[in-house]
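Contents: one structure, followed by commentary.
For the numbers below, each heavy atom of this structure counts, side chains included, while hydrogens, waters and symmetry mates do not.
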Amino acid sequence: MYTAHGKKDQKDVLLDQHAILVKKLAYQLKAKLPPSVELDDLIQAGMMGLLDAVNRYEDTHGAQFETYAAQRIRGAMLDELRSSDWLPRSIRKNMRDVEHAISQLEQQLGQPPTENDVAKKLNLSLAEYHEMLGDCSGHQLVYYEDFHEAESGEHFLDRFQSDHDSDPIKGLLIGDFRDALIAAIDSLPEREKILLGLYYEQELNLKEIGAVMSVSESRVCQLHSQAVARLRANLREKSWTGAA
């Protein structure tokens, strides 16, 4: 849109200036998701988030707008992923099976089970177990549906959530869930703990992590899926025992 003097409207300027931010965030998110997720869908959702940010933001000066816009863009992309149910039910079932196997083995062994232990518990060969973990790339620690009532009753994450009227994710991160998550991470095997640090704190991609850890990119993907399954199993157990 142009003004009577032929200059672009300030909102259009912001859209043009930050379109590259949308692509950057889309590529970052796509690297953590299964191949079935289309990059163009993320970018389109991100552009809607950017437009929303431009329309809502009042003080359009400096880096503060970019920070605000990035939050809106990421939120729009995540909303798109949730609405499209991007992770197939079969994969979620496989990960639930892995979580349950890990939980049962930890109770039996008194320590984190090895990959061979989990594979045997699932009646799979080690190669089949690795393939299952690889297929589960993009598996997340928390899903919004985790706050819905499960078939067997209240979902385990509901027990960490004290204020159901607020944003559930925000509530978890500032409540008992945060403390329980820190403890769960601390209980991970050292290799998986290092991987999560490189992935979430240092924000390295899978290829870069593989170079640091001297393993293949696919192996990093497997270890990440297993680490997330261990965390969910740990949090599930603590929610039922009240040991958060």
Side-chain angles (χ1 to χ4, degrees), residues 1-88 91-92 137-148 157 161 163-175 177-178 181 196-209 211 217 220-221 224 228:
M1 181 184 299
Y2 288 82
T3 65
H5 299 289
K7 293 183 179 180
K8 274 192 173 183
D9 182 271
Q10 180 65 19
K11 291 185 177 181
D12 289 334
V13 172
L14 286 172
L15 286 173
D16 289 344
Q17 289 177 341
H18 294 85
I20 188 66
L21 176 63
V22 174
K23 291 186 178 181
K24 176 184 176 181
L25 294 175
Y27 276 105
Q28 288 178 349
L29 185 57
K30 177 68 176 72
K32 301 178 181 181
L33 298 171
S36 58
V37 179
E38 294 290 339
L39 178 65
D40 287 345
D41 291 341
L42 294 178
I43 292 175
Q44 182 176 357
M47 288 302 297
M48 295 302 296
L50 175 58
L51 180 60
D52 184 52
V54 168
N55 288 331
R56 288 172 178 264
Y57 196 73
E58 296 179 358
D59 182 5
T60 57
H61 299 289
Q64 289 185 346
F65 173 76
E66 182 168 329
T67 300
Y68 175 74
Q71 294 174 345
R72 305 297 300 186
I73 292 166
R74 288 194 189 96
M77 290 178 183
L78 292 175
D79 285 343
E80 170 65 20
L81 291 173
R82 283 192 289 269
S83 66
S84 61
D85 195 21
W86 54 271
L87 195 63
I91 290 180
R92 293 194 185 181
S137 170
H139 186 63
Q140 299 178 16
L141 180 62
V142 175
Y143 294 99
Y144 260 58
E145 56 265 39
D146 284 336
F147 298 92
H148 299 168
L157 287 180
Q161 171 68 3
D163 182 5
H164 292 273
D165 293 327
S166 64
D167 181 342
I169 300 298
K170 181 178 179 181
L172 287 177
L173 292 178
I174 63 176
F177 180 81
R178 181 177 181 276
L181 179 58
L196 292 185
L198 294 172
Y199 192 63
Y200 292 105
E201 293 181 21
Q202 303 300 320
E203 296 188 344
L204 300 185
N205 59 39
L206 300 184
K207 184 177 182 179
E208 292 168 335
I209 295 173
E217 186 174 341
V220 174
C221 178
H224 176 265
V228 172

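- Side chains of Arg74 and Leu25 form a contact here, defined as non-hydrogen atoms less than 4.5 Å apart.
- In this structure, Leu196 and Glu201 have side chains that are not in contact, with every pair of non-hydrogen atoms separated by 4.5 Å or more.
- The CD1 atom of Ile73 lies 12.5 Å from the CE atom of Met48; values are rounded to the nearest 0.5 Å.
- The heavy-atom pair separating Met77 from Ala45 by the smallest distance is CA-CB, 4.2 Å.
- Of the possible donor and acceptor atoms, one in the side chain of Glu208 sits under 3.5 Å from a partner among the backbone N and O of Asn205.
- Ring-plane geometry between Phe65 and His18 is classed as perpendicular, the angle between the planes exceeding 60 degrees on a 0 to 90 degree scale with a lower cut at 30.
- Cys221 and Leu206 make their closest contact through CB-CD1, 4.3 Å (heavy atoms, listed as atom of the first residue, atom of the second, distance).
- Judged purely by atom type and a 3.5 angstrom limit, Asn55 uses its side chain to pair as donor or acceptor with the backbone of Leu51.
- Of all heavy-atom pairs between Asp41 and Glu80, the closest is O-CG, 4.3 Å.
- In terms of heavy-atom proximity, Ala76 sits nearest to Gly49 at CB-CA, 3.7 Å.
- Between Arg72 and Arg56, some side-chain heavy-atom pair lies under the 4.5 Å cut-off.
- Remark: Gln28 CD to Leu42 CG distance equals 12.0 Å, nearest 0.5 Å.
- Here NZ of Lys207 is found 13.5 Å from CD1 of Ile209. Values are rounded to the nearest 0.5 Å.
- Here the CG-CD distance, from Asp12 to Gln17, works out to 11.0 Å after rounding to the nearest 0.5 Å.
- For Ile43 against Ala26, the heavy-atom pair with the smallest separation is CG1-CB, 3.7 Å.
- Closest non-hydrogen pair, Leu50 versus Ala69, comes out as CD1-CB, 4.1 Å.
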